[in-house]
Amino acid sequence: MDWKWKTIIEPFKIKSVEPLGFTTREERLKILNAAHYNLFNIRAEKVLIDLLTDSGTGAMSAAQWGGIMIGDESYAGARSYYTFEREVKGLTGFAEIIPVHQGRAAEKILFGVIGGRGKYIISNSHFDTTRANVEFSGAQAVDFPVKEALDFDKPAPFKGNADITAMEKFINEKGAKNIPLCVMTVTNNSLGGQPVSMENLKAAQNLCRKHGIPLFLDCARFAENAYFIKLREKGYAQCPVREIAQEMFELADGAWMSSKKDALVNIGGFLAMNNRDWSAKARQMLILTEGFNTYGGLAGRDLEAIAIGLREVLDENYLQYRIRSAQYLGEGLLKRGVPIINPPGGHGVYVNARKFLPHLKPQRFPAQSLACALYLEGGIRGVEIGTLMFGRRDAKNNFLAAPMELVRLAMPRRVYTQSHIDYVIEVLGALAKKKKTIKGLEVVEAPKVLAHFTAKLKPAGGRSA
Ligand SMILES: *Cc1c(COP(=O)(O)O)cnc(C)c1O
């Protein structure tokens, strides 16, 4: 790539469009009140720019839509399955390829096979659904992020890395026989979508080899991670991203993927590995809960679209646009005095609401308050990662402060253009100028588990109109 211009040009032209949901401020105030200041309760058509998630929200290409038309819907042995299998094998090098309807289905099946009481799964950081599925099996999920991951202001190239020394100490304490798996999440979704270096993956492999522990990748954003390695790690600048990705997979014994991210489709996933004993058990579970081996909870056309997406995502023009867009949003926000996790990760920007709104204590939900203010100001929807989402409460049911207060602005793939991002920067910039007027929220009603999805809130000290 020799793009020397400042302008990010989207590496596609648009053939099919959808209208955006314009609303007035007055309408949005009504909508917010009716939604009880919970953005999950807002109809998507009332959102102008939807940055709630990058999962399953991407735009497929004309080639993928073409694949949808030629999908083979045969129950067993569909041609589309073999197209999919060939593509996933070619990319990952693993022998056993199991399709699933999305990432968490792969997790449920895998930890059903290898999890259980008394066991520990170790990781740079488990994603929420991974942790939930590990714990559902009876095992414990233990994270080993590097220290720089938690210093939001200080840039570092690979904040997604695992602390290998701490991992080894843990293995020695608990015994390798009680640790059936080490998972490296690439990129590290729970900690800002930050990349993991090849060096760190190699160190994880060495550690796992030494102790006889299988290493898997949770590879939802493998292409974004590989591109960061090309940009930031010594020795990879001239290496095609596909080869970097293949080198990442070569270090592992297996992987699972939520295809709703870097396979550029709206649904799908896979579980892949070399261990034939595990894969045989996984396929029994697959048939029980997902479907037959050659479709696993998906339609044949979905398999076709995944196969095409896995190739398109490694196009370096696409990846340059993708990573540059998140950086551009991050730079714009920093320039306007909006603190973020710096540098931005691959799939979006995380605003540091604790730092942005120091006048709000955690029990006033600064990140949720900012997310609501952002919707009210400009119809933009992000998601709170803070005291409400963590949801821990004391004996009197008062919320306990979370370790962080973030608003994640996740970027759907190939959906928004630079002008949409300029608009997001402008709106947050306007909020920065009057941030002292942003009021906190209080909870009216919140269930015990996963409170953030259904909690009802209102402006603190105000009326709940
Ligand atoms: C999204 C995601 C999952 C879960 O996948 P779903 O398709 O949402 O079920 C697992 N791990 C990571 C890192 C993810 O980003």
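In this chain, numbering begins with 1 at the start of the sequence shown. Counting starts at 1 for both ligands and their atoms, in listed order. All values derive from a computational prediction rather than experimental measurement.
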Identify the protein atoms, limited to N or O, that lie within less than 3.5 Å of an N or O atom of ligand 1, and list each pair with its distance to 0.1 Å.
from: ligand 1; atom 1: 5 (O); to: Ser258; atom 2: OG; distance (Å): 3.4
from: ligand 1; atom 1: 7 (O); to: Gly103; atom 2: N; distance (Å): 2.9
from: ligand 1; atom 1: 7 (O); to: Ser258; atom 2: OG; distance (Å): 2.6
from: ligand 1; atom 1: 8 (O); to: Arg104; atom 2: NH2; distance (Å): 2.9
from: ligand 1; atom 1: 9 (O); to: Gln102; atom 2: NE2; distance (Å): 2.9
from: ligand 1; atom 1: 9 (O); to: Gly103; atom 2: N; distance (Å): 3.3
from: ligand 1; atom 1: 9 (O); to: Arg104; atom 2: N; distance (Å): 2.8
from: ligand 1; atom 1: 9 (O); to: Arg104; atom 2: NE; distance (Å): 2.7
from: ligand 1; atom 1: 11 (N); to: Asp218; atom 2: OD1; distance (Å): 3.2
from: ligand 1; atom 1: 11 (N); to: Asp218; atom 2: OD2; distance (Å): 2.7
from: ligand 1; atom 1: 15 (O); to: Asn189; atom 2: ND2; distance (Å): 3.0
from: ligand 1; atom 1: 15 (O); to: Arg221; atom 2: NH1; distance (Å): 2.8
from: ligand 1; atom 1: 15 (O); to: Lys261; atom 2: NZ; distance (Å): 2.9

Q. Applying salt bridge (charged side-chain N to carboxylate O under 4.0 Å, His left out), which residue pairs with at least one partner in residues 190-217 are found, sequence neighbours left out?
A. Glu168-Lys210, Lys202-Glu247

Q | Nearest heavy-atom neighbours spanning Ala402 and Arg354 | A | O-NH2, 2.8 Å

(Q) Going by side chain to side chain donor-acceptor pair (under 3.5 Å), name the residues that satisfy it together with Glu445, two or more places apart in sequence or in a different chain. (A) none

Q | Check against ring pair (Phe, Tyr, Trp, His ring centres under 6.0 Å), Phe365 and Tyr37 | A | CA-CA 11 Å; Phe365 306 103; Tyr37 289 80; over 10 Å; no

(Q) Tell me every residue that passes salt bridge (charged side-chain N to carboxylate O under 4.0 Å, His left out) with Glu224, counting only those two or more places apart in sequence or in another chain. (A) Arg322, Arg413

Q.
Could you walk me through whether Tyr295 and Tyr81 satisfy the ring pair (Phe, Tyr, Trp, His ring centres under 6.0 Å) test, starting with their C-alpha distance in whole Å, then the side-chain angles of each, then the deciding distance to 0.1 Å, before giving a yes or no?
A. CA-CA 7 Å; Tyr295 74 88; Tyr81 169 74; 9.8 Å; no

